[in-house]
Peer 1: 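I'd like to ask some things about the structure below.
Just so you know, these numbers use all the heavy atoms, side chains as well, and skip hydrogens, waters and symmetry mates. Since we're looking at a predicted model, the values are computed, not measured.
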Amino acid sequence: MANSTTLRGFILLGLTNNHQLAIGLFVMLLGIYILTLIGNMLIIIITLLNAQLHSPMYFFLRHVAWVEIGYMSTIIPKTLANMATGSKSISLAGCFIQMLLYFVLGTIEFLLLATMSVDRYLAICNPLHYPAIMNEQICSILVLCCWVGGLSLILVPSIFFFQIPFCGPNNVINHFFCDNGPLIKLSCVDTSLLELIDIVIAIFSLLGTLIINVVSYIKIISTILRIPSTTGRKKTFSTCASHMIVVSITYSSCIFMYIRPKGSSKLDFNKSMALLNTVLAPLLIPFIYCLRNKQVQDALKTELRRWVGFCKKLR
């Protein structure tokens, strides 16, 4: 292989080459990032402080909020820094760490969403046994399994991925972060086995957890439809609606990105889907759960009144 210089870093082409559009995107991304941090931290704080929200559903939601903060922080700060400085470079180690955290946290989120679906299924379809099944110890074990499972699924193929050589002079990634697809194309060895492993993991982590969500909600909806009271049906369905919206947004964007035949879409479309997945979904999660969930709204109002009262006492 002639002229095969070992790479020390990559060039990220980013979202756009248009300077004016880049300024607008920078302001938008920065605003969304700040709102996302505030919204998810609000969920974490409110579910910790308010006794009404000390239930399995909000315990899982709190961990989803932590994952969303880490997931977005893996991508957006570096993107914003590159846009602000005009730099497009990222080191080899920085690129690998970014990719590892992106996929580990994304997989953990899928597992947590599937766990939340099972939790809602047990609460609605088996209400009498629910308190005994979903106790504090079981919830902690399930969350631990999600974190360990997400790390295990991604860490093993990542070890093989980090050992493949990347040869110059081509080191340009047509993306705004280090995704595995564009990176594999820059390798100077045969990566067909690694691509096959990636597809298997994507099917297992993405479609496998999606099936759990779908089956759980089919059973939930069939149970809700058997409730004789219209008010009872609406009240029961409202507790699951927020989770169903989040699942729909998260999975649809990821399926478009990673489970498609080769060449079925352009890279620019991949960037749009990645932007939707890394920016919009983490932003919507706190708003969806807060705006659609009366219990969270009541808890938020209670904590705000306590905070206002505490501030008045200090004066």
Peer 1: Show which residues join Ile23 in its hydrophobic cluster (side-chain heavy-atom contacts under 4.5 Å, direct or indirect), or state none.
Peer 2: none

Peer 1: Who clusters with Leu101? Use side-chain heavy atoms, under 4.5 angstrom, across I, L, V, M, F, W and Y, and order the result by chain and number.
Peer 2: Ile97

Peer 1: Restricting to ring pair (Phe, Tyr, Trp, His ring centres under 6.0 Å), what partner residues turn up for Phe60, sequence neighbours left out?
Peer 2: none

Peer 1: Can you check whether Leu12's main-chain N or O pairs, donor with acceptor, with His175's side chain at less than 3.5 Å?
Peer 2: no

Peer 1: Between the side chain of Asn126 and the main-chain N/O of His129, is any donor-acceptor distance below 3.5 Å?
Peer 2: no

Peer 1: With a 4.5 Å limit on heavy-atom distance, are the side chains of Ile43 and Leu61 in contact?
Peer 2: yes

Peer 1: Can you name the disulfide (SG to SG under 2.5 Å) partners of Cys146, sequence neighbours left out?
Peer 2: none

Peer 1: Any chance you could lay out the side chain to side chain donor-acceptor pair (under 3.5 Å) test for Ser87 and Thr85, step after step, and finish with the verdict?
Peer 2: CA-CA 5 Å; Ser87 170; Thr85 61; 4.6 Å; no

Peer 1: Would you check if the side chain of Lys88 reaches a backbone N or O of Ile11 as a donor-acceptor pair within less than 3.5 Å?
Peer 2: no

Peer 1: Please say whether more than 12 non-hydrogen atoms of neighbouring residues, nucleotides or ligands are located less than 6.0 Å from NZ in Lys78.
Peer 2: yes

Peer 1: Could you name each residue pair satisfying ring-ring contact (aromatic ring centres under 6.0 Å, His included) that touches residues 68-99, not counting sequence neighbours?
Peer 2: Tyr71-Tyr102, Phe96-Phe162, Phe96-Phe166

Peer 1: Would you say Gln98's side chain and Thr74's backbone share a donor-acceptor pair under 3.5 angstrom?
Peer 2: yes

Peer 1: Can you check whether Leu206's main-chain N or O pairs, donor with acceptor, with Thr209's side chain at less than 3.5 Å?
Peer 2: yes

Peer 1: Taking the six-membered ring for Trp, are Tyr58 and His54 closer than 6.0 Å centroid to centroid?
Peer 2: no

Peer 1: Quick check: Tyr251 with Phe110 (ring centres under 6.0 Å apart)?
Peer 2: yes

Peer 1: Going by side chain to side chain donor-acceptor pair (under 3.5 Å), name the pairs with one or both residues in residues 31-48, residues two or more places apart or in two chains.
Peer 2: Tyr33-Ser73, Thr47-Arg62

